[in-house]
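The sequence lines fix the lettering, A, B, ..., with proteins before strands; numbering per chain opens at 1.
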Amino acid sequence: MGFPVLTAILLSPIIGALISVFIPKEESKIIKAVAGITTFISLVLTIILYIVYYTQYVKTGIGGFAFTEDIPWVADLGVIYSLGVDGFSLPMLLLTNIIGFTSVFSRSWSVEKRAKEFYILLLILITGVMGTFIARDLFIFFLFYEVVVIPIYIMVIIWGSGSKTKDVTKEYAGMKLTIYLLIGSAFLLAAMIWMYKEAAGILGTPTFDIAKLATIDFSTQFQIVVFGMMAFGFTCLLSMFPFHSWSPDGYAGAPTAVSMIHAGVLKKIGGYGLIRIGLFILPVGAKFWAPLIAIFAVANVVYAALICLAQKDMKYVVGYSSVSHMGFVLIGVASMNIIGLNGAVANMFAHGVMSALFFSMVGYIYAATKSRYIPDLGGLAHQMPVAAVGFVVAAMASAGLPGLVSFVPEFTTFVGAFKEPSLQIPAIIALTGVVLGAVYVLRMVANVLFGPRKEEWDHVEDIKGSYWIPVVVLIVFIVAFGVFPSLLMDMVDSGVQPIAAKLVQATTAAAQMGGSI
Amino acid sequence: MNFMFWLIAIITLGSALMMVMNKNIFHSALFMVVTFLGVAAVYLMLYADFMAAVQVLVYAGAITIFIVFGIMLTQRGNMKETNLFSNHAALAGIVSLALVVINAVMVVSTNWPKTGAEPPQETVGSIAELMLTKYVVPFEVAAILLLVALIGAVIIAKEVKKTS
Amino acid sequence: MDLSLLTIEIATVLLAIGVLVIGLLIPREQRFGLGYLVTIGLAIILFVSFGYYGINATAFEGMYYVDDFSIFFKQLILVAAVLVTLAATLYVKKMGTNYGEFFVMTVFAALGMMVLSSAGEFITLYLGLETMTISFYILTGFKKNDSKSAEAGIKYLILGAMSSGILLYGLSLVYGMTGTTVISEVAVKLAEMGSLSPAMVVGMVFLVAGFGFKISAVPFQMWSPDVYEGAPTPVTAFLAVGSKAAAFAALIRVFMIAFPDYSLQWKMLFAALAALTIIIGNLVAIPQTNIKRMLAYSSIAQAGYIMTGVIAANAAGVRGVAFYGMLYVFATIGAFTVVMNFSANTGSDEIRDYAGLARRSPLLAAVLTVCLLSMAGIPPLAGFAGKFYLFSSIVDQGYLWLVIIGLLMSMASVYYYLSVAKVMYMADPVDDSPIVVPAGAKAVLLITMIVTVFLGVYPQPLSVLANLAANSLFF
Amino acid sequence: MIDFALHNAWLIPLLPAIAFLLIFLVFRPLPKVSAFIGITAIFLSFVLAVHVGIGVIQAGDQFVEHPLKQVVTWFEMSGLKIEMGVQIDPTSAMMLFMVSLVALMVNIYSLGYMHGDQAFSRFYAFLALFAMSMLGLVIAPNLLQMFVFWELVGLCSYLLIGFWWHKYSAREAAKKAFITTRTGDFGLLLGILLLQINFGTLDLMTLGEMIPNFQEYTNLSVGGLTAIAAILFLGPIGKSGQFPLHVWLPDAMEGPTPVSALIHAATMVVAGVYLVGRSLILFQTVPGAMAFVAFMGGFTALFAATIAITQTEMKKILAYSTVSQLGYMMLALGAGSLTGGMFHLFTHAFFKSLMFLGAGSVLHAMNNDADIWKYGGLKKKMPITYWTFLIGCLAIAGIFPFAGFFSKDEILLVVKEASHGAQFAGLYTLLFWMATITAALTAFYMFRMFFICFHGEPRDKSFHPHEAPFSMAFPLVVLSIFSIFGGFIGAPWVEHGFGYYVRLGEYHHPSVDWAIIIVSTILALGSIFLAYWIYGKKAVSHEALAQKFAPLYKISFNKYYIDEIYLWLIHNVLDGLGRALWWFDITVVDGIINGIGNAAKILGSILRRVQTGKLQHYALVLFAGVVILVLIMSFADTSSASLSLLGGVR
Amino acid sequence: MIGLEHFLILSGTLFCIGLFGALAKRNAIAILMGLELMLNAVNINLVAFARYVTTGILTGHVFAIFVIAVAAAEVAVGLALIVAIYRDRISVNVDDFDWLKW
C-alpha cells in the first residue's frame, strides 16, 4: 500500500511534541508554531484522504477499509498494529484533526505560563484520539483510548480553572473526570479481555482484529453480559445519564483546548466504540440493551437541557448541552437501524465541530474577560464582534439550525428512531430537546453578547491574529457540511452499512432460532 | 520407652511454658536451656544422635550464650519484671491455643505414610555424605549466610560516632 | 556434576566477596567507586546470563533448576540489583558509614533470591530464602543515624522469623507426607496419594502464609509498610521488587509443580487473598502522606495483581507473572530512585514536600509520574500490557469477578498516584533550589522511564522471554 | 427569457445568497456597495420571478397538475433520500413574484430608512440572506426543504429583530421570536418525521397522490393522520403567529421597520399559511384537521383584532392586525379553499407591507417615537405617506375596489360555503360570523390609528415631521398601486383569474355572493365611520369609552395577559424544573459519585488504623489469618456452593 | 506405643508455646527466645519424619541442621538489631517500637 499515510498522520503531532521537547521553554511562540504546523500537516493529509476515499470508495460503492497498514505487534497475543479507515472512522479522523489543529490556536489565559508542557501534552492528546479512530485492532484501540486520559488530567490541574457557580475546584474536576473515565474503562477492559479469550477459544488463534471478532457468533448470554460491560464503559465516556456528571465539571475545569478536544472528539470515542465494537461484534447483546440505552438517551436530552436552563456559568451551559446532545447520538444507536446509526455517527461529527467552536469562543471570552459568569457579562458584541459571530454560529449549530452541520444528522437520527415503533415515544420526548436547546443557547447568546455596552469590558480585545484560525476553520466546516450534507452522509453511510447489515443478520438469525431477546 | 517419652515431653513443654510465663528474663533464659536439652533428648529418642549433639552444642551452648549476652547488654541491674506480657496476651493465647488444637486434630486425622522400618543406628556418616553431595548447594549457601550474618551483626551492633 | 550450571551464582558470590575484600583493603575515602564496581559486575553477570536460556537442566538430582524460568527471574533480580546499586550511590554516601558493605549485602541478597528462584528442593529453597531475608534484615537496619531504620529492621526480623517458622513447619509437613523435599518428587508422591489429607491442608495454608509474607499478601502484609518506610530507600526498592519476585518464583514452583493436584483448593485460596490484597492495598494507600508508605501499600496491591497469574495455574498465568514482575521492577525502582534522590537532597519523604517538583526537576517528576501510572496500568505504559497478560490468563477460568475487582481497583489507584502528580505539577515549589541527581541515578531514571514506555508500546521482546520462562516450567 | 427563467428558477434564491456572501465577507466596510449589491441581486431575482410568473400564466393550468420540478439529491442513504430543488407551479410562482417584489421594495426603502446606520451593510446582508431563505422556502418541492428554509427565515427574523441588539428590548424580542417559533417547529418537525416514516417520502407531489389514499400505503387510522396533521400544524401556528404562539410577533416590531414590513407582515409570517396551503391535501383528507385549522384561524383573527383595538403603537397595531389577517388566511384554508387563503396572502402582502413602510416613514419622521398619541396632523406634513397609508387602510378594511375587498370576500364566501358542508357545519357557521365581526373590527382599529395619526392637530410640538425621501416614497407608491389593483386578478368577473391558477382540485369559477358583499361593505364603512366619529371628529371621548368598559379595555390593552402567563410559566415551571434538576444533579447524581469516592477514602483511613505500628499486632493478624484460612480450608468442601462462589462464577 | 503422632503433637505444642511467647511478650529478647522454640519444634518434626517416614534417608536431619544454622544467624542479627535500637531508645520493649505506623 505504499506510503503509510495513516502512520504519517499519527506521527506528525508526535514528532511535533518531540521537537518541542528540545525547544527552550521561553520560546513559546515557536512551540505553538510547531504544534500548529504538525497538526496542520495531519489535517491536510486527512482532508486528502477524505477526498480520495470519498471519490474512490464511497462514490464507487466499494466501501470498506482503505489505506490499511498491518504490522504484527505482539505475536503471542495476536496484536497487530493494524490501521485503516472506512466511512465511519474517516469522518471521526477528520473531526479529530480539525479540532486538533484549531485547538492549538484556542485561547486560555492560563496557557501563557508553561506553554511548552501544554503543547506537548496537547499533541500527545491529539495523537491518542486519532489513533483510537483508525485502529482496526482492539488492543491498539484501547491503547490509544487510554493514552488520552492522563494528559487531560495534568492539563486540567495545571491550566484549568474552578467555577463561580458550583463549588468545584480544578483539582476536583480533573480527578473526577479521570477516575470516572478510568472506572468506565475498567469494565470495558474486562469485557474486552473476556471477549478476546472467548474468541481465541473459538477461533483457535488469539486475535484482536475487530473484523475477525465480528465474524464470530458469540452465545446470547455472553453477548448480553459483555455488551453490558462495554456499554457501561463507552457510555461513561459518552456521558450518558446518569454517568454524565464528570463531563460538565470537567469541561468547566479544563483549559479551552482541552474542552474543545474533549467535548469535540474524545467523547465521541464512546459512541464510536459503542457502534464499532459493541454493535458490530455483539449485535444480539446490543439488541438486549437497546431499550435501556434509549431511555437513558431521552433522559440525557431532556434532563441535561433543563439543567442548562439553570446555569449561569457559560462553560456549564455548553457542558450540559453537550451531555444533552449526546442523547441524540444514543437514540440513534438505540434505534439499531442504518438510518439511526447514520444519524448517530453524523451527529457525533456535527456535535464535534459545533461544540469545539462553542468552547473555543467561550474560552476566548473567558480568556479575555477572565469571567465566565453570565450575569457579569453582557453586550460583548460591542467589544468583540468577531467572537460574537463565532459564538452565534456555534449557538445556532447547537440549536440544530438547518444549513449548519447538525441539522441533517439530527433529522436522520430521528428518522431512524421513529422507524422503530418502540422508540417513537422516547423520540418524541427527546425532540423537545430541540426547543429547549434553542432556549438555553439563545439565552446565553443574548445575555453574553447582546444588550447595552458595559464599560468594564472596553479593555477587552477582539479576536485577532492566530486566534482567527479556530473561528474560520470551524465555521467553514460547520457551514460546508451543513449545506452539503452528502459530503458527510455518503461517507458515513458507507461506513455504517456493514455494521447495520451485521445487526440485521444477527437479529434475524436470533429470531429464527426462536430465542426471544 | 513410653515413660521416657512422657517424661521428656513434660520436661520440655513444662520448661518451655515456664520460659514463657516467667517474669524474669534471666530465668526465662535458663528455662530455655532446659527446653533445648529436652529437645536434644527427643532427638535421641528418634535415633538422631548427631542431631542431639548439635542441639546441645549450638542451642544449649552457643545460642544461649548469645541470648544471655543480649540480656546483659540491654538490662541494667534488677532483673525482676523484665519479661512481662503485653496487653494482647489473651489474644495471643487464643491464637496459639487454636493452632495447638488444629495441629493436634491434623496429626490425629492424617494417615501418615509410615514405613515401619527400623532406623539406622548411626547417622553422622550419612548426614555428612548428603551434605557434601546432594546438599552441597545449600551447604555452601549456609556458609555464605553465616558470613552475611557475621558481617551484618558487626555492622549493626557497631557503635556509631555521633556526627553533628 | 556440571558446576558450569552454577556460573551465575558463583560469579555473584565472587563479586560480593571480592568487593568485600577490596573494600577492606582500600582507604575509606576511595571506597565510593565500589558501588559502580558492583553495578558493572552485576551488569556483566546479567549479560552473561542471556547465554543460559534454553539449557533447561537440573543440577544435583533435580534439586537445582537451571531452566528458562529461573534464568528469567535471575535476570529480573540482576536488573533490579543493577538499577538499585546504580541509583543508590548518592543516598548511600549520605547514609554515612559502611559504604562498601552496603553493596556487598545487596549482592548477597540478590544471591539469596537467585537461589530461591532456582531451588528445586525445600532445603535449598529455605536457605536461599533465608540468605535473602537475613541480608535484608541487615540492610533494613543499615541506616545507623536513623532510629526508624533499626525499628524497621527489628520488626522485619521478628515477623520474618515467625513467617519462616511457619513456612518451615509447612515444609516439614509436606516432607512428612511425601517423604521427600524435592519438588518434582513431591508432585509424584501426592499424585499417588490422591485425595487431600488434613496435613496437606495445614501444610498448604502454612506455605501460603510463609510465601504470602514475602510477597506481602493480605493478611500477611502488615510488616511491609513499616519496613518499607523505615528501611533505607534503595533497600526498600530492592525489597519491593527483588524479594517479592523471588518469592513469587518459588511460590509458583512449589504450588504449580508440587501441588497441581490440589490446584482447585489453592486457587480458591489465592483468589480470595488476591482480591483482599488488591482491595486493601489500594484503599489504604489513598490516605497516605509519606511517599514510601504509599508505595508500600501500592506494592501490596501490585502483589495482588500478580497473584492472579498464580491463580491461572498455567503457562499463560506464569507468563503474566514473569512479564509483570519484570516491568514492575522498572516501575518500582524508577519511583524509588526518584524518592531516594529527592530525600538525599531534601531529607524528606513526605508527599507534600514534592510540591513543584516538576519545576525543580522535570526529569524526576516525569519519571515518578510515568512509573506510578505504569503501576496503575495506564496505557501505553508497560503496566497495562502486564495487567493484560495477568487478567487474560484467568478471565476464562471463571474469575471474571476478580478481573473486574482488579481493574476497578487499579483504576481507583490512579487517584492516589495522580494525587502525587498533582502535587508535583500543580503546586508551586516552596524551595526553588534544583535537585542534584548524580549521573548514575540519572541513567537509572532514564532507563526505567524509557523501558516502561517502550514495553507498553511494544511488549514483544519481553513477552518472548516471559513465554520462554513460562513454557520451561511446564515442559 | 421566460423559458430560461422557468428552467433556472433556482437562480432566484441563489442570487440573494451570493449577495449575502459578498456583502458579509467582502463589502461590509462599504455600505453603498453593499446596498447596491443587495438591491441588484434582489432586482434580478424579481425580474426572473416576473418571467417565471409570465411563463406560468402562459402555460395555462398545465402547471397546476404537473408542476415543473427540478431536484438534486441533498443527501441519501439506505432508506432515506432527501432532495433539494425547485417546484414551479402557480402557487409558488405567485409567491416568488410577491416575495421578490416586496423584498425589492423594502430593499429600496431601506436605502433611506437605514441611512446612516452603523451596521448598514450588515442590514443588507441579512436582507439578502432572508430573501434567499424565503425564496428557497417558496420553491421547495418537499417538506424538508421547506423546513430547512423555514428555519433559515426564522434565523433571519431573529437576526433582524435583534438587529439593534444593543437595545435590551430588541435582544429579548429576538430571542422570544426564535424560541416561540421553535416551539411550533417542534411540531412541524415531528409532523414531517411522522410523514416520512409513514409515507417514506416528503415530496409534496408524491404525498399529494398518496395521502388521499393513505390507507393503501400505510396502516394509519384517520385519527392517526388527523393527529399528524394537527401536529404539523403547530409549525404554522408558531411561524404565522396563530394563537397561542402569536406572542412573539408584536414584540418582533423591535426590529427596524423595513424588516417588519418584509418579514413580519408580508413574507415570513405567511410561510405558515403557505405551508398549510402546500400540504392542504393532508388536511383535506381528514376533516377534523381542517376544522382545527379553520377554528384556530378564525379564533386568532378575532382574538388579535380585539387586542389591536386598544394598542397605542403603530407597529403594534399593525402587528396584531397581521396576526388577525393571518388567522383569516388560515380560516380560508381551513374552509378548504387554497384559492381564498393564497389570494388573501397575496393581497395582504402588498397592503400590509405598504402600511408598515408607511408607519416606518412616520416613525422616521417622529424620531422613532412609537406612541401614536403623540402624533396627529401628519396629513399635511407628509402627504405621500398619508395617501398611501389611506390606500392601505382602505384595502385592509375591504372597501371596493381595493385589493382587500376581493380577497376578504373570497374568504367569507368559502367559509360560508363550508358552513353548508357535510361536516362541522355548525363550527363553520360560527366561524363565518366571527370572520365577519373581525372584518368590522379590522376596519375600525385601522381607521382609529389612521385618524389619530394623520388627522387632527399635532399633539406633541417637539417633533418636526417631514416627508420621506424618494427612496422611501417610491416603494410606498409602488405598493399602493398593487394594493389598489392587486385584487382585480381574483375578481369574480375575471374568467381565468387567480383561482384558476392557484387551486386544489377542480376549478370553479367564483360566484358572486351579493349578500356577503353588501354586508361586509356596510360593516366596514360603518366601522370606518365609527372610528372617524370617535377619533376623527372626537364626538365621543375615547378615554370615557375606555373608562366605561374598563375591564374589557384592560384585558385587551394587556393582550389578555398571555405574555405574563408565559413568563410566569417559563420562570417558574421551566426554569424551576431546571433548577430542581440541577439540584438533583449536584446532590444526588454527583452525590452518589462523590459518596462512593469518599467512602473509599474513609474506608482507607479506617483500615489504615489497623496498622498500629506494634509488631505483635501484625504477628497476631498473621497467625489469626493462618488459623482462619486453615478452618476455611478444612471445613469448606470445595464442591459446595459457598466456595465455588469464589472460583466458579462465569 | 509411642509413635510419630506423639512427636508431632509434642512439636506442635512446643511450636505454639514458642509462638505464644513471641506474640505475648514485651521484651524483644523474649520474643527471640520464643522464635527459637518454634524453630526447635520444626526440627523435632523433621527428625521425627526422618525417623518414621523416610527411615534410613536422613534428609530431615540435614534439613534440621540447616535450620539450626539459620537460627543461629538469625539470633545473631536479631540481637545486633536489638542492641542497636536499645542504644537509641533505651528500651527493648517492642511496644515502644511503634514510630512506624499507619
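E:Lys25 places a side-chain N or O within 3.5 Å of a backbone atom of B:Asn83 that can act as its donor or acceptor partner. Side-chain atoms of B:Ser86 come within 3.5 Å of backbone atoms of E:Ala24 as a donor-acceptor pair (strictly under, hydrogens ignored). A donor-acceptor pair under 3.5 Å is formed between the side chain of B:His88 and the backbone N or O of E:Leu23. No donor-acceptor pair closer than 3.5 Å links the side chain of B:His27 to the backbone N or O of B:Asn24.
In terms of heavy-atom pairs under 4.5 angstrom with chain E, the leader among B:Leu130, B:Ile155, B:Thr82, B:Leu146 is B:Leu130. Counting heavy-atom pairs closer than 4.5 Å to chain B, the top-ranked of the candidates E:Gly21, E:Ala80, E:Ala50, E:Gly12 is E:Ala80. Each of E:Ile82, E:Thr59, E:Ile90 has some count of heavy-atom pairs under 4.5 Å with chain B, and the biggest count is that of E:Thr59. Taking chain B as the reference chain and counting heavy-atom pairs below 4.5 Å, the highest number among E:Tyr52, E:Phe49, E:Phe15, E:Phe66 is found for E:Phe66. The greatest number of non-hydrogen atom pairs below 4.5 Å with chain B, out of E:Val70, E:Leu37, E:Val83, E:Thr54, is found for E:Leu37. Note on B:Met32, B:Met19, B:Gln75, B:Met21: by heavy-atom pairs under 4.5 Å with chain E, the leading option is B:Met19. Chosen from B:Trp112, B:Trp6, B:Tyr135, B:Phe69, the residue pairing most often with chain E at heavy-atom distances under 4.5 Å is B:Trp112. In terms of heavy-atom pairs under 4.5 angstrom with chain B, the leader among E:Ala48, E:Ala69, E:Ala84 is E:Ala48. For chain B, the option among E:Leu32, E:Leu19, E:Asn93, E:Val47 with the highest count of heavy-atom pairs below 4.5 Å is E:Val47.
At a heavy-atom cut-off of under 4.5 Å, chain E is reached by B:Ile63, B:Phe66, B:Ile67 from residues 60-68 of chain B, listed in order of number.
Only the side chain of E:Val75 comes within less than 4.5 Å of a heavy atom of chain B; its backbone N, CA, C and O stay farther away. For B:Asn87, the parts lying under 4.5 angstrom from a heavy atom of chain E are both the backbone and the side chain. Within the 4.5 angstrom heavy-atom criterion, only side-chain atoms of E:Tyr86, from C-beta onward, approach chain B. If you measure heavy-atom distances from B:Thr74 to chain E, the contacts under 4.5 Å come from both the backbone and the side chain. Both the backbone and the side chain of B:Leu13 come within contact range of chain E, each with at least one heavy atom under 4.5 Å from a heavy atom of that chain. Residue E:Val53 touches chain B through both its backbone and its side chain, counting heavy-atom pairs closer than 4.5 Å.
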>> side chain to side chain contact (heavy atoms under 4.5 Å, CB included), that's the test. Do B:Met131 and E:Val62 meet it? Break it down for me.
In response: CA-CA 7 Å; B:Met131 282 241 182; E:Val62 176; 4.1 Å; yes

> Is there a salt bridge (Lys or Arg N to Asp or Glu O under 4.0 Å) between E:Asp95 and E:Arg26 once you walk through the steps?
Replying inline: CA-CA 7 Å; E:Asp95 286 351; E:Arg26 279 189 185 160; 3.5 Å; yes

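Remark: the E:Thr55 side chain and the B:Thr115 side chain contain an N/O donor-acceptor pair separated by less than 3.5 Å. Side-chain contact check for E:Asp96 and E:Ser91: at least one donor-acceptor pair (N or O, by modelled atom type) lies under 3.5 Å.
In terms of the salt bridge (Lys or Arg N to Asp or Glu O under 4.0 Å) criterion, B:Glu140 has no residue partners (sequence neighbours excluded).
Checking each of E:Asn43, E:Asn45, E:Val42 against E:Ser11 for a side chain to side chain contact (heavy atoms under 4.5 Å, CB included) leaves exactly one that passes, namely E:Asn45.
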Validation: residues 42-56 of chain B side-chain donor-acceptor distances under 3.5 Å, sequence neighbours left out:
from	atom 1	to	atom 2	distance (Å)
B:Asp49	OD1	B:Thr123	OG1	2.6
B:Gln55	NE2	B:Phe36	O	3.3
B:Gln55	NE2	E:Asn40	OD1	2.7

List, one per line, each side-chain donor-acceptor pair under 3.5 Å for residues 90-108 of chain B, sequence neighbours excluded.
from	atom 1	to	atom 2	distance (Å)
B:Ser96	OG	B:Ala92	O	2.7
B:Asn103	OD1	C:Tyr169	OH	3.0
B:Asn103	ND2	E:Leu8	O	3.4

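Between B:Phe5 and E:Phe7, a ring centre-to-centre spacing shorter than 6.0 Å is recorded.
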